[in-house]
There are 2 protein chains.
Amino acid sequence: MVTLAEVAQHAGVSASTVSYVLSGKRSISASTRERVEHSIQQLGYHPNAGARALASSRSNIIALMVPLRTDMYVPVMMEIAIAVATSARTHGYDVLLLTGEEGPAAVRRIAGSSLADAMILMDVELHDERLPLLRDSGRTAVLIGLPSDTSGLTCVDLDFEATGALCVDHLAGLGHREVAVIGEAAAVYERHTGFAERTVDGIRAKAQETGVRILHRPCEGGYAAMAGTLGRIFDERPGTTGFIVQNEAAVEPLLNLLQQQGRAVPEDVSVVAICPEQVATQASVRLTSVAIPAQEMGRRSVEQVVAKLTGRGTDEVELLEPVLTVRASSGPAPV
Amino acid sequence: MVTLAEVAQHAGVSASTVSYVLSGKRSISASTRERVEHSIQQLGYHPNAGARALASSRSNIIALMVPLRTDMYVPVMMEIAIAVATSARTHGYDVLLLTGEEGPAAVRRIAGSSLADAMILMDVELHDERLPLLRDSGRTAVLIGLPSDTSGLTCVDLDFEATGALCVDHLAGLGHREVAVIGEAAAVYERHTGFAERTVDGIRAKAQETGVRILHRPCEGGYAAMAGTLGRIFDERPGTTGFIVQNEAAVEPLLNLLQQQGRAVPEDVSVVAICPEQVATQASVRLTSVAIPAQEMGRRSVEQVVAKLTGRGTDEVELLEPVLTVRASSGPAPV
DNA sequence: GGCCTCGGTCGAAGCGCTTCGACTCCACTC
DNA sequence: GAGTGGAGTCGAAGCGCTTCGACCGAGGCC
């Protein structure tokens, strides 16, 4: 491995000069800079990450904690993770992948070892056990998701209350009066995952305002579960004409079952989904939906981290505004 | 941050003794060990990762390159990535997440900076441009996937040729004589992704052996693409009674379209999928399938890395044996 | 013309850890 | 009773980098 010292010798300057060429923290004459850069090229020099971290006490690594569970829709997680990794690189950072398995201990380990300059936590619960540790580790952190107490924390998330409201508004505007909400798996609510509860809150509030009746049912993915849930919904509320679905794995089963039951979409029932664009456009009926901006969330969280790391950031909650796109699955309520 | 020296002072020993307690590389008396461990606990000491990497020239980090593209089935990627991260931890390693975006340059950067002790590459193409760089970086590496030239490389993958053969064998055994293969998106073949081509090779070889006629068609995911592909298949081979599907995003559309066309599964046509268990069991018809052992692949690749890093490994290609599980989507060919 | 300023460069002191050789006991052996 | 060997500990020398203060000319100023 080529070292700084070798580059310095090759270029006929001191080691510190090479370091300053690399970091740009002091001005360097054009001729020296060129000479040094040429030597770097020629020798194929790469700074040693460990030495750099030790000397500067900054590792240029951001730790990303992804949930281990797979009851969430995986592609969204992946899209966020990839967006985080990609935009981290554009800011000169690498990303360390931590799974939830290690649990809160991971926070302590990473903070203690100075392995990462900052952490991004995904899948934050309302009362997340990692948060106290995080707060008194003093490390820079950004959450994707919204805990109940956000004091001293920076959070990025889709505004799920507004999302829920938007869905109801759309259906109410079309004249629907009885709306069923097909939610995430029951376990998601039991964990008190913020986004799921907040969506329902938003839905209820707007429903009250617009005079829509709401029936909310958690639902596992897959056909069997959906069949059961759907049956019970129509038993309880035969007049249901609108569906709001917040569970990607339930979308296709729902459309299928409705079709099998002879209920046409959107003539007899309207469906609005909260899901990634890809799911909405590739479904058997092109879905009216509110998109989950996974990329944007990943990107923004990195930008927040970088801002805080460079002293510019403030603790704040950034809620991304939901956008509803009308497609083929929603229409006027039948008379 | 607490340092080794502070722990040493607190325990009344020298710094090197603390280091040896931590690493176990020299014998330490029980009483000293206890005293040191107690001090570590009490002070909340965590070794500094950078210093450790610098002094020992090992970072205890494994870099994982995941593909950026999303034309592959994302959950499988994610499952592998998570399995890698999880099993890496059980061996004392952390995982650095690299996206394909940076391309081959990432290999150079990581190897040059000694940021990672080893690399795991996913989504390897037959003639992958990262491989030459990898070879002469001299770094430890394991590929998930199989390039055309494996010399000097360790690879882990499902045995896709055997997988293809297994599917044909199953259908042939049930009496099917005309089988259509619904493949990955055309782009996947154009990239010469090993697994896709190898599957088809395995299918063709076994088809020849068993006297089955094969029609192979790449297919994008989604309903529209599947409808077109399916139409063309039955135009060309009206006698088709068996399907092998290697494209998760095509599974559900295929089942649906068959149903709509009045072709019953498995009475009129049989379907065998190559997909994760979850897809197979959650589909509208429980699918006879060969599972993609994502977890196993992730785990094995880490084990190979650790073996090589501790001097035990040998360069070798490890192909996991495919397992076909019969479920409700395949049956005897109609007479 | 002396003085100050400032751009450009260097030397040296660490950053916190690992590891090698050396040293000290102490229990044996012959 | 000197010699041997192993267990247990220490000191010191780095690992490769960043960064601080110092130094040295070259202008600009009065």
Side-chain angles (χ1 to χ4, degrees), chain A residues 1-37 39-40 43-61 92 109-117 309-310, chain B residues 1-37 39-40 43-61 92 109-117 309-310:
Chain A
M1 286 286 86
V2 185
T3 70
L4 227 216
E6 293 174 288
V7 173
Q9 192 176 358
H10 186 270
V13 299
S14 77
S16 45
T17 300
V18 176
S19 178
Y20 287 123
V21 167
L22 251 26
S23 69
K25 292 192 179 171
R26 286 200 180 172
S27 52
I28 297 285
S29 69
S31 71
T32 304
R33 178 193 314 290
E34 271 168 38
R35 214 144 25 93
V36 170
E37 280 166 354
S39 297
I40 289 178
L43 301 179
Y45 169 71
H46 281 272
N48 177 300
R52 195 168 246 196
L54 177 56
S56 66
S57 45
R58 299 191 313 104
S59 64
N60 283 302
I61 289 180
R109 188 171 64 84
I110 299 299
S113 66
S114 301
L115 218 186
D117 297 335
L309 247 22
T310 53
Chain B
M1 288 286 85
V2 186
T3 70
L4 226 216
E6 294 173 288
V7 173
Q9 193 176 356
H10 186 270
V13 297
S14 77
S16 46
T17 299
V18 177
S19 178
Y20 286 124
V21 167
L22 253 26
S23 69
K25 292 193 179 172
R26 286 201 181 173
S27 54
I28 298 284
S29 69
S31 71
T32 304
R33 178 194 314 289
E34 271 167 36
R35 215 144 25 92
V36 169
E37 278 167 356
S39 297
I40 289 177
L43 301 178
Y45 169 72
H46 281 272
N48 178 298
R52 196 166 245 197
L54 177 56
S56 67
S57 45
R58 299 192 311 103
S59 64
N60 283 302
I61 289 180
R109 188 171 64 84
I110 299 300
S113 66
S114 301
L115 218 187
D117 297 334
L309 247 22
T310 52

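Keep in mind it's a predicted model, so treat the numbers as computed, not measured. Here is how names work: the chains are called A, B, and so on, in the same order as the sequence lines, proteins then strands, and each is numbered from 1.
L54(B) meets the side chain to side chain contact (heavy atoms under 4.5 Å, CB included) test with A51(A), L54(A); sequence neighbours excluded. Partners of A116(B) under the side chain to side chain contact (heavy atoms under 4.5 Å, CB included) rule, at least two apart in sequence or in another chain, are I61(B), A63(B), I110(B). Contacts of A111(B) classified as side chain to side chain contact (heavy atoms under 4.5 Å, CB included), with partners at least two apart in sequence or in another chain: S137(B), R139(B). Residues satisfying the salt bridge (Lys or Arg N to Asp or Glu O under 4.0 Å) criterion with R35(B), sequence neighbours excluded, are absent altogether. For D117(B), the side-chain hydrogen bond (donor to acceptor under 3.5 Å, both in side chains) criterion is met by S59(B), not counting sequence neighbours.
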Would you be so kind as to tabulate the donor-acceptor pairs closer than 3.5 Å made by side chains of residues 17-27 of chain B, with sequence neighbours excluded?
{"from": "T17(B)", "atom 1": "OG1", "to": "S14(B)", "atom 2": "OG", "distance (Å)": "3.2"}
{"from": "S23(B)", "atom 1": "OG", "to": "S19(B)", "atom 2": "O", "distance (Å)": "3.2"}
{"from": "S23(B)", "atom 1": "OG", "to": "K25(B)", "atom 2": "N", "distance (Å)": "3.3"}

Can I get a per-line list of side-chain donor-acceptor pairs under 3.5 Å for residues 4-11 of chain A, giving both atom names and the distance, sequence neighbours left out?
{"from": "E6(A)", "atom 1": "OE1", "to": "T3(A)", "atom 2": "N", "distance (Å)": "2.7"}
{"from": "E6(A)", "atom 1": "OE1", "to": "T3(A)", "atom 2": "OG1", "distance (Å)": "3.4"}
{"from": "H10(A)", "atom 1": "ND1", "to": "S39(A)", "atom 2": "OG", "distance (Å)": "2.8"}

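From M1(B), atom CE reaches atom CG of L43(B) across 11.5 Å, with rounding to the nearest 0.5 Å.
For the pair K25(B) and G50(B), both in contact range of DNA chain C, the more 5′-proximal nearest nucleotide belongs to G50(B).
The backbone N or O of I28(A) sits nowhere less than 3.5 Å from a side-chain atom of T32(A) that would complete a donor-acceptor pair.
The side-chain hydrogen bond (donor to acceptor under 3.5 Å, both in side chains) analysis of residues 43-58 of chain A, with sequence neighbours excluded, yields no pairs.
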Output a table of nitrogen or oxygen pairs between the protein and nucleotides 5-8 of chain C separated by less than 3.5 Å.
{"from": "dG8(C)", "atom 1": "OP2", "to": "S27(A)", "atom 2": "OG", "distance (Å)": "2.9"}

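Bracketed by its first and final contacts, the part of DNA chain D lying under 4.0 Å from non-hydrogen atoms of chain B reaches from dA7(D) to dG16(D) in 5' to 3' order.
Between the two ends of the helix from dG1(C)-dC30(D) to dC30(C)-dG1(D), each summarised by a five-pair axis, the helix axis turns through 40° (rounded to 10 degrees).
Taken residue by residue, residues 8-23 of chain B places heavy atoms nearer than 4.0 Å to DNA chain C at S16(B), S19(B), Y20(B).
Heavy-atom minimum distance, A53(B) versus G50(A): CB-CA, 4.2 Å.
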